[in-house]
Amino acid sequence: MMEHDETITGQRAPRRTPDDIERDLTQASDEELRLVIKVASNQLTLRDAERKREAMAKIRMLAKEHGLNVAIDRPPRKRGRPAKKE
């Protein structure tokens with residue numbers, strides 16, 4: 001898998017600084033900014049899911065090494081409106 005700073009040709013692109021990124025974003029159109037936000041949000045969601053999968057695999061492996069079985073339940077999804085605070 002390519003690292004985030006590696007190009008398709010296999011050559012590494014120079015690291016961009018926060019100032020470089022900010023400069024590019026200030027010059028981007030509204031539509032380009034919306035696309036960047038969408039792509040970045042999707043990427044963060046994928047990375048978060050992958051970290052969770054890896055953590056669950058490690059937990060299961062450690063449990064198995066010690067003769068244990070584990071079940072990992074996801075927290076229930078909250079639906080509807082939040083309860084009113086008094």
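The figures that follow rest on heavy atoms only: side chains count, while hydrogens, waters and symmetry mates do not. The first residue of the sequence shown is numbered 1, and numbering continues consecutively from there. Since this is a predicted model, take the numbers as computed values, not measurements.
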To the closest 0.5 Å, what do you measure between CZ (Arg60) and CG (Asn69)?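 Going from CZ on Arg60 over to CG on Asn69, the span is 10.5 Å.
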So how far is it from Met56 CE to Met61 CE, rounded to the nearest 0.5 Å? 14.5 Å
What heavy-atom pair brings His66 and Leu62 nearest, and what distance separates the two atoms?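 Distance-wise, the nearest heavy atoms are CD2-O, 2.9 Å.
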same_hphob_cluster(Leu44, Leu46) at 4.5 Å side-chain heavy-atom cutoff: no
Evaluate whether atom CD of Glu50 has more than 12 neighbouring non-hydrogen atoms of other residues, nucleotides or ligands under 6.0 angstrom away.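 Yes, because the 6.0 Å sphere around CD of Glu50 holds more than 12 heavy atoms from other groups.
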Should we count CG of Asp48 as having more than 12 external heavy atoms under 6.0 Å?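 Count over threshold, so yes.
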Please determine which of Leu25, Thr17, Asp24 meets the side chain to side chain contact (heavy atoms under 4.5 Å, CB included) test together with Ile21.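 The residue from Leu25, Thr17, Asp24 that satisfies side chain to side chain contact (heavy atoms under 4.5 Å, CB included) with Ile21 turns out to be Leu25.
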Determine yes or no for a side-chain-to-main-chain donor-acceptor pair under 3.5 angstrom, with Ser41 supplying the side chain and Lys38 the backbone.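 Not confirmed, Ser41 side chain does not pair with Lys38 backbone.
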